[in-house]
Asker: 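Here it is, the structure in full.
Along the sequence shown, the residues carry numbers beginning at 1.
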Amino acid sequence: MCDTCGCGQPAEAVTIRRPGETDAAHGHHHQDHHHDGDHAHSHEHGHQHEHAHQHEPASREIAVAEAVLAGNDRQALLNRGWFAGRGVLALNLVSSPGSGKTTLLERTIADLKGELPLAVIEGDQMTTRDAERIEAAGAPAVQVNTGKGCHLDADMVWRACGKLQPAAGSVLMIENVGNLVCPALFDLGEAAKVVIISVTEGDDKPLKYPHMFAAAQLCLVNKLDLLPHVKFDVDACERAARAVNPKLEILRVSATTGEGLDRWYDWVRARRAAAAGA
């Protein structure tokens, strides 16, 4: 898993920056990769050099993967305590790519501006485009570029909070990397995972990717405005999601038209009040 998705890449392969900041400290990256066998190879960057290395047996790889998850859980516990101490409600937004997470955040920021202090951690493999959209919408944002990584982890969130400094009593939205698999495994110290599925996807996706729906506390079925143009059974999707997680709350929304968003905002308000009183 670590070789494939980037979990094993060095911490310096991840960049964390505000929109407009340059990536000066990240100008020289080593490609982090592994090969079968004992041989020399060259890297794909500005210069070449060779070295030989021994590869770890499978049992060692399993131990490393377990250590990664255990280390993540320890940092997530620290994050959770830090959020609780400041009365910050942290929500981890997870979905497939293209579900409309960033549009949902833009609309939420615009509608709740002046009522709730909001800050956003954006996760993508490359570019600061989403963080730029969020700051244009009116909320401070930090972009985490994960390089080869397909998810955020607790340490990335901790480092991003150091740069973002979300205000006490605020709502911190964490837009995870688009992926319905790996983000389910990594606790970020959030109060809740919010899974977003759009009507342009398959209504059987909760059954195909059950771990994410099992880990979430709320499911938003987004892009209702496109229902007349696609084949998507909302009732079937909800039945599938509740088959995986009977306690899952589900709201039908359109981030484009605003349909159903009042209930999403009420959900955030209630959770924020609970976090502030913790």
Asker: Would you check if the side chain of Asp187 reaches a backbone N or O of Asp73 as a donor-acceptor pair within less than 3.5 Å?
Answerer: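 Not confirmed, Asp187 side chain does not pair with Asp73 backbone.
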Asker: Look at Asp235 together with Arg252 and state whether they make a salt bridge at an N to O cut-off of under 4.0 Å.
Answerer: yes
Asker: As an exercise, state the distance from CZ of Arg159 to CG of Leu152, rounded to the nearest 0.5 Å.
Answerer: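 If I round to the nearest 0.5 Å, the distance is 11.0 Å.
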Asker: Taking side chain as C-beta onward, heavy atoms only, is Leu207 less than 4.5 Å from Val244?
Answerer: yes
Asker: Evaluate the side-chain proximity of Asn222 to Ser99: yes if any heavy-atom separation is below 4.5 Å, no if none is.
Answerer: no
Asker: Verify the neighbour count for atom NZ of Lys208: are there more than 12 heavy atoms of other residues, nucleotides or ligands below 6.0 Å?
Answerer: no
Asker: Does Glu249 reach the main-chain N or O of Leu218 with its side chain, forming a donor-acceptor pair under 3.5 Å?
Answerer: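 Looks like no, no N/O pair under 3.5 Å.
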Asker: Working to the nearest 0.5 Å, report the span between CG of Leu105 and CD1 of Ile134.
Answerer: 4.5 Å
Asker: Quick one: closest heavy-atom pair of Gly98 and Lys223, and the distance?
Answerer: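 Reported closest heavy-atom pair: O-NZ, 2.6 Å.
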Asker: Any chance you could measure Glu175, atom CD, to Asp124, atom CG, to the nearest 0.5 Å?
Answerer: 6.5 Å
Asker: Taking the side chain from Gln217 and the backbone from Lys193, do they hold a donor-acceptor pair closer than 3.5 Å?
Answerer: yes
Asker: Taking NZ, NE, NH1 and NH2 as the nitrogens, is one of them in Asp130 or Lys101 under 4.0 Å from a carboxylate oxygen of the other?
Answerer: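 Here Asp130 does not pair with Lys101 in a salt bridge, since their nearest N and O are not under 4.0 Å apart.
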Asker: Over all heavy atoms of both residues, which pair between Leu116 and Val268 is shortest? Give the atoms and the distance, please.
Answerer: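 So the minimum-distance heavy-atom pair works out to CD1-CG1, 4.1 Å.
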Asker: Got a second to check how far Leu180's CG is from Ser96's OG, nearest 0.5 Å?
Answerer: 3.5 Å
Asker: In the single-linkage hydrophobic clustering (I, L, V, M, F, W, Y; side-chain heavy atoms under 4.5 Å), do Leu164 and Leu89 co-cluster?
Answerer: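 They do not share one cluster, since no chain of ILVMFWY contacts under 4.5 Å joins Leu164 to Leu89.
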Asker: Any chance you could measure Cys237, atom SG, to Ile250, atom CD1, to the nearest 0.5 Å?
Answerer: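 The CD1 atom of Ile250 is 7.0 Å from SG of Cys237, to the nearest 0.5 Å.
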Asker: If I compare all heavy atoms of Ala76 with all of Leu188, which pair ends up nearest, and what's the gap?
Answerer: CB-C, 4.0 Å
Asker: Kindly work out whether a path of hydrophobic side-chain contacts (I/L/V/M/F/W/Y, heavy atoms less than 4.5 Å apart) joins Val253 to Val234.
Answerer: no
Asker: Measure across Ala141 and Pro19 and return the closest heavy-atom pair with its distance rounded to 0.1 Å.
Answerer: O-CD, 3.5 Å
Asker: Can you tell if the side chain of Tyr209 reaches within under 4.5 Å of the side chain of Val195, non-hydrogen atoms only?
Answerer: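 No, too far: nothing below the 4.5 Å cut-off.
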Asker: Check this for me, if you would: do Arg269 and Asp266 make a salt bridge, where the nitrogen-to-carboxylate-oxygen distance has to be below 4.0 angstrom?
Answerer: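 Salt bridge between Arg269 and Asp266, a charged N being under 4.0 Å from a carboxylate O: yes.
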Asker: Take Asp111 and Trp264 through the side-chain contact (heavy atoms from CB on, under 4.5 Å) test and state the conclusion after the steps.
Answerer: CA-CA 11 Å; Asp111 289 347; Trp264 157 238; over 6 Å; no
Asker: For Asn72 and Asp153, which I'm curious about, is there any donor-acceptor pair between the side chains at under 3.5 Å?
Answerer: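 Absent: no donor and acceptor within the cut-off.
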Asker: Please check: side-chain N/O of Gln125 versus main-chain N/O of Gly149, any donor-acceptor pairing under 3.5 Å?
Answerer: yes
Asker: Any chain of hydrophobic side-chain contacts (each under 4.5 Å) joining Met173 to Val194?
Answerer: yes
Asker: Side-chain contact, heavy-atom cut-off 4.5 Å: Val181 with His211?
Answerer: no
Asker: Between Gln143 and Ala131 (side chain of the first, backbone of the second, donor and acceptor by atom type, cut-off under 3.5 Å), is there such a pair?
Answerer: yes
Asker: Taking C-beta and beyond as the side chain, do Glu21 and Lys163 meet within less than 4.5 Å on heavy atoms?
Answerer: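 Result yes, sub-4.5 Å side-chain heavy-atom pair found.
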Asker: Can you tell me if Thr200 and Ser198 form a side-chain donor-acceptor pair at under 3.5 Å?
Answerer: yes
Asker: Before accepting this row, confirm whether a basic side-chain N of the pair Glu115/Arg272 lies closer than 4.0 Å to the acidic partner's carboxylate O.
Answerer: no
Asker: Between Ala184 and Met212, which heavy-atom pair has the shortest distance, and what is it?
Answerer: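 Closest approach of Ala184 to Met212: N-CE, 3.3 Å.
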Asker: Can you tell me if Asn245 uses its side chain to pair, donor with acceptor, with the backbone of Phe213 under 3.5 Å?
Answerer: yes
Asker: Of all the heavy-atom pairs spanning Ser254 and Asp225, show the shortest one and how long it is.
Answerer: OG-OD1, 2.6 Å
Asker: Is there a path of hydrophobic side-chain contacts, each under 4.5 Å between heavy atoms of I/L/V/M/F/W/Y residues, joining Val142 to Phe83?
Answerer: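 Result: yes, single cluster for both.
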Asker: Is any side-chain heavy atom of Arg86 closer than 4.5 Å to a side-chain heavy atom of Trp82?
Answerer: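 They are in contact (side-chain heavy atoms under 4.5 Å apart), so the answer is yes.
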Asker: Check side chain to side chain contact (heavy atoms under 4.5 Å, CB included) between Ala137 and all other residues, then give those that pass, not counting sequence neighbours.
Answerer: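 Here the qualifying residues are Glu106, Ile109.
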Asker: Are side-chain heavy atoms of Leu261 and Leu104 found at a separation under 4.5 Å?
Answerer: yes
Asker: Can you get from Val157 to Val171 by hopping between Ile, Leu, Val, Met, Phe, Trp and Tyr side chains that sit under 4.5 Å apart?
Answerer: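 No, no single cluster joins them.
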Asker: Does some side-chain heavy atom of Arg18 sit less than 4.5 Å from a side-chain heavy atom of Pro140?
Answerer: yes
Asker: If the plane angle is over 60° it's perpendicular, under 30° parallel, otherwise tilted; pick one for Phe186 and His151.
Answerer: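 Rings of Phe186 and His151: parallel, under 30°.
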Asker: Supply the atom-to-atom distance Ile121 CD1 to Cys161 SG, rounded to the nearest 0.5 angstrom.
Answerer: 4.0 Å
Asker: Spell out, as yes or no, whether a donor-acceptor pair under 3.5 Å connects the side chain of Asp155 to the backbone of Gln75.
Answerer: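 Here the side-chain-to-backbone pair does not exist.
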